[in-house]
2 protein chains.
Amino acid sequence: MIDTLPSQRLAPLIRTLRKAQGLSQEALAERAGLHRNFVSLIERGKNQPTVDTLFRLAEALGVTAVELVERISTANDPA
Amino acid sequence: MIDTLPSQRLAPLIRTLRKAQGLSQEALAERAGLHRNFVSLIERGKNQPTVDTLFRLAEALGVTAVELVERISTANDPA
DNA sequence: ATGTAGACTCGTGTCGACC
DNA sequence: GGGTCGACACGAGTCTACA
């Protein structure tokens, strides 16, 4: 059973993957066609993305959306 | 390359899976803790869910969120 | 049982500025 | 480079009602 909300598990994962790519929030935002502030909010779990935005973030991070979802679906710490 | 938006590919898939479970929109909505109208909008591609809502829909459909995302990530028709 | 319409609340997502 | 604030447009999500 997963008690934490997916979006809360997604937040730190985005940050981890972004740093693994050596990207700044600004660079990630530009790649994903999003605003810099929004990336900041997502990484801190203040906002959660919609489905389309999730896919754009995944692509910008160089991973598949499936990979993102897999990692926030596991019981272990995704980051 | 995937030109169609994920949310647009998700729409018919939700409907297919729901019918495969023999559920009405109402029943699915109740299971997922959503409103009946919202399910109707999603299945017709008028609205797209957020990440948390996607997970709740997946669970209510008896599949994993990973499975949903896998099927809307393929080049083939997910439904 | 589904689609649609309207009205509503609140969150997503943008933008500029500042720290 | 990142956090935060305020303001904004628009979309997510609820609800009632009708076809």
Side-chain angles (χ1 to χ4, degrees), chain A residues 2-63 65 68-69 71-73 78-79, chain B residues 2-63 65 68-69 71-73 78-79:
Chain A
I2 302 174
D3 48 348
T4 46
L5 249 28
S7 54
Q8 295 305 309
R9 301 170 58 77
L10 178 65
L13 175 59
I14 296 285
R15 174 160 295 181
T16 301
L17 290 176
R18 173 176 64 79
K19 294 195 171 175
Q21 296 291 319
L23 294 172
S24 66
Q25 287 184 348
E26 279 170 337
L28 175 58
E30 189 179 6
R31 280 195 182 199
L34 296 172
H35 201 272
R36 173 179 88 78
N37 284 8
F38 198 54
V39 173
S40 173
L41 290 169
I42 289 176
E43 284 191 357
R44 282 161 40 237
K46 298 278 186 180
N47 283 34
Q48 62 161 324
T50 55
V51 173
D52 287 342
T53 304
L54 181 74
F55 272 77
R56 294 166 72 183
L57 281 170
E59 189 171 11
L61 286 168
V63 300
L68 282 188
V69 176
R71 292 179 69 167
I72 62 183
S73 297
Chain B
I2 303 173
D3 49 347
T4 46
L5 250 27
S7 54
Q8 295 305 308
R9 300 169 59 76
L10 178 65
L13 175 59
I14 297 285
R15 174 161 296 182
T16 301
L17 290 175
R18 173 176 63 80
K19 293 196 171 176
Q21 296 292 318
L23 295 172
S24 67
Q25 287 184 349
E26 277 171 337
L28 174 59
E30 188 179 9
R31 279 197 183 197
L34 297 172
H35 201 273
R36 171 181 88 79
N37 284 9
F38 198 54
V39 173
S40 172
L41 289 169
I42 289 176
E43 285 190 356
R44 283 159 44 235
K46 299 278 186 180
N47 282 37
Q48 61 162 323
T50 57
V51 173
D52 287 343
T53 305
L54 180 74
F55 272 76
R56 294 166 72 184
L57 280 169
E59 190 170 10
L61 286 168
V63 299
L68 281 188
V69 176
R71 293 180 69 168
I72 61 182
S73 297

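First the proteins, then the strands, lettered A, B, ... as listed; each starts at 1. Just the heavy atoms: all of them, side chains too, but no hydrogens, waters or symmetry mates, feed the values below.
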Separation of C/dT2 atom P from B/Glu43 atom CD, nearest Å, is 8 Å
Polar side-chain atom of B/Asn47 near backbone of B/Leu41 as donor-acceptor pair, under 3.5 Å
no
Separation of D/dG11 atom P from B/Gln8 atom CD, nearest Å, is 13 Å
OP1 or OP2 of C/dA1 less than 4.0 angstrom from a side-chain nitrogen or oxygen of B/Arg18, does that happen here?
no
Is the shortest heavy-atom distance from the side chain of A/Arg71 to the side chain of A/Leu17 under 4.5 Å?
yes
Produce the list of close N/O pairs, under 3.5 Å, pairing protein atoms with atoms of nucleotides 9-12 of chain C; give distances to one decimal.
| unit_1 | atom_1 | unit_2 | atom_2 | d |
| --- | --- | --- | --- | --- |
| C/dT12 | OP1 | A/Gln48 | N | 3.1 |
| C/dT12 | OP1 | A/Gln48 | O | 3.3 |
| C/dT12 | O5' | A/Gln48 | O | 3.3 |

What is the distance from CG of B/Leu57 to P of D/dA12, rounded to the nearest Å?
13 Å
May I ask you to say what B/Leu34 touches in the nucleic acid, namely base, sugar-phosphate or nothing, with a heavy-atom cut-off under 4.0 Å?
sugar-phosphate
Who are the side chain to side chain contact (heavy atoms under 4.5 Å, CB included) partners of B/Glu59, not counting sequence neighbours?
none
Write down the protein N/O and nucleotide N/O pairs, taken from nucleotides 15-19 of chain D, whose separation is under 3.5 Å; answer none if there are no such pairs.
| unit_1 | atom_1 | unit_2 | atom_2 | d |
| --- | --- | --- | --- | --- |
| D/dC15 | N4 | B/Asn37 | ND2 | 2.8 |
| D/dT16 | O4 | B/Asn37 | ND2 | 2.6 |

Which residue pairs pass the salt bridge (charged side-chain N to carboxylate O under 4.0 Å, His left out) test with at least one member in residues 11-21 of chain B, sequence neighbours excluded?
B/Arg15-B/Glu43, B/Arg18-B/Glu43
How would you list, by chain and number, every residue that makes a side chain to side chain donor-acceptor pair (under 3.5 Å) with A/Ser40, sequence neighbours excluded?
A/Arg44
Mind checking side chain to side chain contact (heavy atoms under 4.5 Å, CB included) for A/Ala11 and listing every partner two or more places apart, or none if nothing turns up?
none
When you compare the side chain of B/Pro49 with that of B/Leu10, does any pair of heavy atoms fall below 4.5 Å?
yes
How many Å lie between CD on A/Glu26 and P on C/dC15, as a whole number?
14 Å
How long is the line joining CD1 of A/Ile42 and C1' of C/dT14, in whole Å?
13 Å
Between D/dA12 (P) and B/Leu54 (CG): distance, integer Å
13 Å
Separation of atom CG in A/Asp52 from atom P in D/dG11, rounded to whole Å
12 Å
Between A/Gln25 and A/Val39 (side chain of the first, backbone of the second, donor and acceptor by atom type, cut-off under 3.5 Å), is there such a pair?
no
Can you check whether B/Val69 reaches A/Phe55 side chain to side chain, under 4.5 Å on heavy atoms?
yes
Only counting residues at least two apart or in another chain, list the ones meeting side chain to side chain contact (heavy atoms under 4.5 Å, CB included) with A/Asn37.
A/His35
So, does A/Arg15 get its side chain near the phosphate of D/dG3, meaning an N or O under 4.0 Å from OP1 or OP2?
yes
So, using side chain to side chain contact (heavy atoms under 4.5 Å, CB included) as the criterion, who are the partners of B/Ala20 when residues are at least two apart?
none
Between A/Arg56 and C/dG13, does any side-chain N or O lie under 4.0 Å from OP1 or OP2?
no
Roughly, in whole Å, what's the span from CG in B/Leu41 to P in C/dT2?
14 Å
Which pair of heavy atoms, one from A/Leu57 and one from A/Ala32, lies closest together, and at what distance?
CD2-CB, 4.2 Å
Any stem touching DNA chain C, meaning at least three consecutive Watson-Crick or G-U pairs under 3.5 Å, ordered by first number, would be C:2-19 with D:2-19
